[in-house]
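For reference, the structure is listed below as structure tokens.
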Amino acid sequence: MGCTDIKRIDNSRLRIPRGYKPEMRTDGLIFVDSLLEQFLEQGAIEQVANVASLPGIVGMSLAMPDIHTGYGFSIGGVAAFDIDEGIISPGGVGYDINCGVRLLRSDLHKNDLLPRIKDLVEALYKEIPAGVGSKGRIKLSSADERGLLRKGAKWAVENGYGSAADLECIESGGCIDGADPELISDKAYERGRQQQATLGSGNHFLEIQYVDHVYDDAAASAMGLREGSITVMIHTGSRGFGHQVCTDYIQIMAKAAPKYHINLPDKELVCAPFKSSEARQYLSAMRAAANYAWANRQCLTHWTREVFMNYLSISPSALGMSLVYDVAHNIAKVEEHVINNKKKKVVVHRKGATRAFPPDHPELPDKYKKIGQPVLIPGDMGRLSFVMTGTQQAMDETFGSTCHGAGRLLSRHEAIRRAKGRAIWREMQDRGVIVKSTGRETLAEEMPEAYKDISEVVNVVHNADISKKVASLKPIGVVKG
DNA sequence: ATGTAC
């Protein structure tokens with residue numbers, strides 16, 4: 001009827017019109033089909049609308065099909081703001097700054113590994129520190145840590161963790177410029193010093209998988225993926241370090257919003273004008289946390305290769321474990337996008353969303369110029385994960401972004417309640433997945449039924465053409481926090 | 001996600 005009703009545009013898109021809430025400056029757009037629409041939370045819709053009311057928003061307030069309610073901004077949200085008139089908001093990035101995923105391919109076949117998978121998972125579990133508050137194997141001095149914050153994965157490679165070739169296959173080369181170690185609190189330094197090169201907890205994991213199905217031969221071949229070949233996926237972020245940075249800057253920005261007369265529909269949306277000193281400081285600290293996460297995934301990669309080589313008694317070349325790609329799922333970046341036929345710099349917030357740049361984009365390494373940026377989308381530990389590629393449609397419609405995962409279906413609490421009296425590890429084993437975790441509660445929170453079906457989520461973004469399916473990956477061994 | 005409430 002009126003211009004205040006949510007309206008389905010097509011099979012993949014739902015519009016939240018500007019009139020839905022009086023303070024909205026632009027429309028909201030949620031990528032969901034009618035199947036996933038039934039799981040759409042009212043709170044998440046409100047959050048998309050709230051983000052649409054922030055100053056300087058460019059284009060629409062967007063959300064991906066894995067949307068759910070988060071801190072201020074929904075998880076699965078994408079929003080871009082004008083450099084001159086817009087804002088930056090820590091809630092638009094989230095607490096786990098540069099939580100992200102990397103995928104390693106190998107020359108192993110699943111048949112090489114299946115008979116010995118249990119011991120291999122045990123071996124990985126022994127070498128990869130995991131769990132809440134777990135401490136790392138690397139002893140960092142404060143000076144080391146400052147270098148790491150500036151250099152990210154480059155620091156890891158310089159210190160013997162992996163090779164220079166790895167860096168080419170990481171978003172932003174695994175090192176984002178403009179990180180400032182001076183803007184980090186002592187508390188963050190202390191947490192970060194102990195936790196570098198650890199997996200963490202919750203939905204973070206290290207997973208041994210095999211390529212289940214190839215949808216796009218050319219793209220899969222460019223990534224070195226063949227049906228049956230073994231891959232490893234690592235999902236982790238900036239641990240307590242990024243959490244502390246977010247906490248510190250939410251406090252700082254709580255004062256900034258009233259100072260700059262920004263009207264907030266929800267106080268969790270605390271932000272500051274992009275050009276303000278508070279915003280510049282947050283951006284520099286956030287970049288340090290992003291680099292921390294890239295170093296983290298790089299160090300864990302090194303140990304993963306070591307465990308595989310030692311366990312199988314094979315050489316690096318026989319293993320062939322190279323990095324396919326590494327993406328950030330929680331980050332704010334200054335990027336150039338075409339808006340109304342004009343190139344414009346904007347600050348893109350991706351919170352539970354993946355960059356999905358198209359073929360020929362200058363930020364892509366040569367080997368992916370033809371196919372577009374690899375997009376890595378982890379599912380739950382029982383079903384599948386997906387590899388996709390970025391598209392021009394994403395560039396035109398979503399600031400070069402797509403979904404990031406399955407999205408929770410049950411709250412952690414509800415999942416634990418439903419898992420009472422069950423042995424999730426055994427249920428997983430019966431499904432052909434060997435799982436090793438620090439605690440049974442983590443397994444309960446992370447059991448497959450706690451998540452939406454990743455295949456349904458991926459179908460929406462594939463059909464909307466904001467990324468294209470390349471391959472599905474089936475888990476066979478999982479290390480969890 | 002998180003020294004899962006300073």
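Scanning residues 70-81 of chain A for heavy-atom distances under 4.0 Å to DNA chain B yields an empty list.
For Glu445(A), the salt bridge (charged side-chain N to carboxylate O under 4.0 Å, His left out) test picks out Arg412(A), with sequence neighbours left out. In this structure, Gln195(A) has no side chain to side chain donor-acceptor pair (under 3.5 Å) partners at least two apart in sequence or on a different chain.
Between Gln251(A) atom CD and dT2(B) atom P there is a gap of 20 Å when expressed in whole angstrom units. Separating the CD atom of Gln244(A) from the C1' atom of dT4(B) is a distance of 15 Å, rounded to the nearest angstrom.
Remark: side-chain polar atoms of Thr354(A) are paired, donor with acceptor, to backbone N or O of Cys403(A) under 3.5 angstrom.
Looking at heavy-atom distances under 4.0 Å, Ser238(A) makes no contact with the nucleic acid at all. If you check every strand for non-hydrogen atoms under 4.0 Å, Gln194(A) touches nothing. Nucleic acid contact for Gly202(A): sugar-phosphate only, since backbone atoms but no base atoms lie under 4.0 Å from a heavy atom of the residue. Across all strands shown, Arg239(A) has heavy atoms under 4.0 Å from sugar-phosphate atoms exclusively, and none from any base.
Of the charged side-chain nitrogens involved, at least one lies within less than 4.0 Å of a carboxylate oxygen, so that Glu397(A) and Arg13(A) count as a salt-bridged pair.
Atom CD of Glu335(A) is surrounded by more than 12 heavy atoms from other residues, nucleotides or ligands within 6.0 Å. By the 6.0 Å contact criterion, CG on Asn263(A) is open, its count of non-hydrogen atoms from other residues, nucleotides or ligands being 12 or less.
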